[in-house]
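Everything on this sheet refers to the single structure shown next.
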Amino acid sequence: MSVIEQSSSPTTNHAVDPAPWWRQAVVYQIYPRSFADANGDGLGDIPGITSKADYLQGLGIDAVWLSPFYPSELADGGYDVADYRNVDPRLGTLGDFDEMVDALHDRDIKVVVDIVPNHTSDQHAWFQEALAAGRGSAARQRYIFREGTGQDGSQPPTDWESIFGGPAWEQVADGQWYLHNFAVEQPDLNWACPEVRADFVKTLHFWSDRGVDGFRIDVAHMLTKDLTEPLPSSAELRLIPMDGQHPMVDRDDVHDVYAEWRLVFNSYDPPRTAVAEAWVDKARVPRYASPEGLGQAFNFDLLQADFDADQFENVVRENLQLARVSGSSSTWVLSNHDVTRHATRYGLPHPPREPNGLPAIKHGLEWILSGGESPELDRHSGERRARAATLFMLGLPGSSYLYQGEELGLHEVADIPDSARQDPTFFRSGGVDLGRDGCRVPLPWTESPDTAFGFGEGGSHLPQPDWFSGYAASGQDCDTGSSLSLYRRALQLRRALQTGEQLEWIDSGRADVLRFRRPNGWEVVTNFGTEPYELDRADVLVSTREVTDGTLPGESTAWLASDPV
Ligand code: NOJ
């Protein structure tokens, strides 16, 4: 028996716009410093993105999401923002930004920018002012400053650890300590301070007025905090339930912030959109995604799943259910700037696990430390599975987020010398965690190492391996069997096929084969196993491996449709 699922139901209490653009969009994430370098300084920039507008249009995406391009000392790849309403001079000017928006809009591509509200850079004017103004000042109220403990206050206020490793408090010259949940250079803001709130509203208007269509909200679950004394120890903190009253994570009152932002978004026509990066208990995700809040929330479950039919099916069922609760559409992600690329994850024989059972994605790189060519990594299997997983994802209702370079089938770059690494997670973990540089290496556009594989004349800020030439966009452009051609074909078809948000599971007759139908007879079949699977239909629109005589090979996905597209 088949069951029809739909990501949101018209019978929910929410008044849902039937089809705002983002509900079933394909959003392509650009990590600007590693996308394309127009001025040859070794760092990708905004004009570089503009120069690739035709490429992006040809790919067939609906929107780009730009990771931070704001002035930053790059203590955390730009997520340490020194000025929220400007462009890093190394990446261009506001004029360049406007040109990029125009170029993308001319090609029907929407623009989403990253907002980083939990913390600023320590170079932000506010933090510099707070350091100069001293204890008790209004300037320090914008951040979370506390006295130390011990007789002379030389010990941190608590033993809390930062998410990037090491202590979460840093002492300043006059002896006070400030909280930083991430790197030392990322002081947490105090969201109880009205000036902080007002300033972010100003920032949202600033970019919306410049034509930006939406926002990705960094660490959306941690802005508001209740740090009334006495502060709990880290052991006590871990025991506090995440029920909306936790001192630091996923507090109910964070939604007051988003309710105010929603008024800003809705003051534009069309309303600006937002997506929350919120690592919270599943049951609490819908509130972030509600139409009164940010409107959509990331779901990172596919990204954490193995290439496994059971796991994929559960992830889809659970998240379509959550979308029904929020009234939003689901989001799907296989790769982003924080995790090992999915072609590599799927090529590792035994993805290592954290003690809690989650895949230890970053630590998985220990398997391929010998330069990405370790016998442990089966590149071809990884790529085969990655294509199958991607085509599965693109068949789902909701919005799919792609990460730059995945369309080329790129693998993680594992062999970055320690001296070239940039990610604070590498340094703060004493090198135990290799960090995220391996998925942030500048893209190979051409086969020529002289121009950093077409990235730019000035080299590349992270070293590119020789094998990049085999993945260059130029080499894949006209090759109908390439990963790039597959993504283009799939995205073109998806535009034509995508109508309602229903999904109907079909019994495939095999535990390792998932099969579902979308409106208009569009079918998606993924064979997670290695044994070929007999399709009972021959009308294949696209597949990740060749379908011969109705046989779908192992580790592949096919799309079928009753009506020719
Ligand atoms: C989540 C971002 O995706 C990540 O790259 C960043 O390091 C942290 N937030 C801190 O801003």
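Just so we're clear, the structure is a prediction, and the values are computed from it rather than from any experiment. Both counts, for ligands and for their atoms, begin at 1 and track the order of listing.
Of the residues listed (Phe298, Tyr403, Phe35), the one engaging Trp65 in a ring-ring contact (aromatic ring centres under 6.0 Å, His included) is Phe298, and it is the only one.
We find that Arg428 and Asp76 are not joined by a salt bridge, their nearest charged nitrogen and carboxylate oxygen being 4.0 Å or further apart.
Cation-pi geometry between Lys110 and Trp22 is not met: the NZ or CZ atom fails to fall both under 6.0 Å from the ring centre and inside 45° of the normal. Under the 6.0 Å distance and 45° angle rule, Arg421 counts as a cation-pi partner of Phe426.
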Does ligand 1 have any N/O pairs with the protein under 3.5 Å, and how far apart?
residue  : atom   : partner : partner atom : Å
ligand 1 : 3 (O)  : Arg216  : NH2          : 3.0
ligand 1 : 3 (O)  : His337  : NE2          : 2.9
ligand 1 : 3 (O)  : Asp338  : OD2          : 2.5
ligand 1 : 5 (O)  : His337  : NE2          : 3.0
ligand 1 : 5 (O)  : Asp338  : OD1          : 2.7
ligand 1 : 5 (O)  : Arg436  : NH1          : 3.3
ligand 1 : 7 (O)  : Asp76   : OD1          : 3.2
ligand 1 : 7 (O)  : Asp76   : OD2          : 2.6
ligand 1 : 7 (O)  : Arg436  : NH1          : 3.0
ligand 1 : 9 (N)  : Asp218  : OD1          : 2.8
ligand 1 : 9 (N)  : Asp218  : OD2          : 3.2
ligand 1 : 11 (O) : His119  : NE2          : 3.0
ligand 1 : 11 (O) : Asp218  : OD2          : 2.7

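Every residue meeting the ring-ring contact (aromatic ring centres under 6.0 Å, His included) condition with Phe97, not counting sequence neighbours, appears here in chain and number order: Phe69, Trp207.
Centroid-to-centroid, the aromatic rings of Phe427 and Phe164 stay 6.0 Å apart or farther.
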